[in-house]
Amino acid sequence: MAKIKIMEHPLIQHKIGIIRRKETSSKEFRELVSEIAMFMAYEATRDLKLTDIEIETPLQKTVVKELAGKKLAVVPILRAGLGMVEGMLAMVPAAKVGHIGLYRDPETLKPVEYYCKLPADCEEREVFVTDPMLATGGSAIAAITMLKEKGVNNIRFLCLLAAPEGLKALSEAHPDVDIYVGALDECLNEHGYIVPGLGDAGDRIFGTK
Ligand code: PRP
Ligand code: URA
């Protein structure tokens with residue numbers, strides 16, 4: 001079963017409280033999304049494996065820890081997932097970045113694919129998929145299915161807000177994927193928007209609409 005981790009850190013909760021406000025500007029929204037992603041990257045990398053290696057300090061030899069195992073990749077779901085990339089890379093600067101383009105048809109609420117470009121060795125990496133919003137779950141499920149079809153098997157998903165409906169759908173569709181959620185909201189409204197939510201994440205990050 002998928003591990004679901006809802007963020008408890010007070011700084012994350014405080015920043016999410018600000019991005020929910022309708023008067024928060026695009027500039028501030030973008031900056032905060034990036035900062036929240038940075039804190040979430042910290043939480044989502046807690047269990048990465050370490051190995052001992054010997055090094056020399058200016059004084060003597062000693063044994064230090066180094067990340068072991070798979071290298072990392074960040075894969076945002078376009079557009080809104082892009083807003084989380086900078087914050088993720090602040091924590092894991094050596095990660096490669098792939099892109100998956102999906103938009104949600106406003107009538108059917110079904111995801112429509114339009115782009116996929118991944119690092120060449122993506123299947124050998126631990127992949128962090130980012131999207132601020134997990135609403136019906138359709139976009140996240142489709143993006144992760146695309147990754148699996150390309151041989152990627154170590155996947156974590158990070159979102160700022162989730163609706164219970166989307167969380168359930170994603171964890172059932174991809175039980176092997178750990179899900180990191182900034183805050184769990186009440187439900188979806190009749191247009192498939194998360195409530196209380198923060199509105200349209202892509203529009204708020206990029207200032208469209
Ligand atoms: C938003 C959001 C997710 C999706 C969530 O993207 O960023 O990708 O909706 O909804 P779901 O869980 O019901 O699939 P949108 O389709 O608005 O595209 P955008 O990021 O280009 O604005
Ligand atoms: N996409 C968004 O940007 N916001 C929602 O509330 C739902 C889907």
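Numbering of ligands and ligand atoms starts at 1, following listing order. Heads up: numbering here begins at 1 and tracks the sequence.
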Heavy atoms only: give me the nearest Arg156-Ala44 pair and the separation to one decimal.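 It is NH1-O, 2.6 Å.
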
What heavy-atom pair brings Glu165 and Leu188 nearest, and what distance separates the two atoms? OE2-N, 3.2 Å

Nitrogen or oxygen atoms of Ala201 and ligand 2 under 3.5 Å apart: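 Between Ala201 and ligand 2, an N or O pair is found under 3.5 Å apart.
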
Just wondering, are more than 12 heavy atoms of other shown residues or ligands nearer than 6.0 Å to CD in Glu86?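 Not more than 12 within 6.0 Å, no.
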
Is it the case that atom CD in Glu23 sees more than 12 heavy atoms from other parts of the structure closer than 6.0 Å? yes

Residues in contact with ligand 1, criterion: heavy atom under 4.0 Å: Leu78, Arg79, Ala80, Tyr103, Arg104, Asp131, Met133, Leu134, Ala135, Thr136, Gly137, Gly138, Ser139, Asp200, Gly202

Is the NZ or CZ atom of Arg79 both under 6.0 Å from the centre of the six-membered ring of Tyr115 and within 45° of that ring's axis? no

Quick one: look up the protein heavy atom nearest [atom] and list residue, atom name and how far away it is.
{"atom": "atom 8 (C) of ligand 2", "answer": "Arg104 NH2, 3.5 Å"}
{"atom": "atom 5 (C) of ligand 2", "answer": "Tyr193 CD2, 3.4 Å"}
{"atom": "atom 6 (O) of ligand 2", "answer": "Ile194 N, 2.8 Å"}
{"atom": "atom 4 (N) of ligand 2", "answer": "Gly199 O, 2.8 Å"}

Tell me if a side-chain donor or acceptor on Arg30 pairs with a main-chain N or O of Ile205 at a distance below 3.5 Å. yes

Would you mind running through ligand 2 and noting each atom that sits below 4.0 Å from a heavy atom of Gly192? 7 (C)

Per-atom filter on ligand 2: closer than 4.0 angstrom to a heavy atom of Ala135 are 7 (C), 8 (C)

Which one of Leu170, Val177, Leu134 satisfies the side-chain contact (heavy atoms from CB on, under 4.5 Å) criterion with Ile141?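 With Ile141 as partner, side-chain contact (heavy atoms from CB on, under 4.5 Å) holds for just one option, Leu170.
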
Go through Lys148 and Asp176 one step at a time and tell me if the salt bridge (Lys or Arg N to Asp or Glu O under 4.0 Å) criterion holds. CA-CA 11 Å; Lys148 287 184 175 174; Asp176 55 311; 2.8 Å; yes

Return the OH to CG distance between Tyr103 and Leu78, rounded to the nearest 0.5 Å.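 Here the rounded value is 13.5 Å.
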
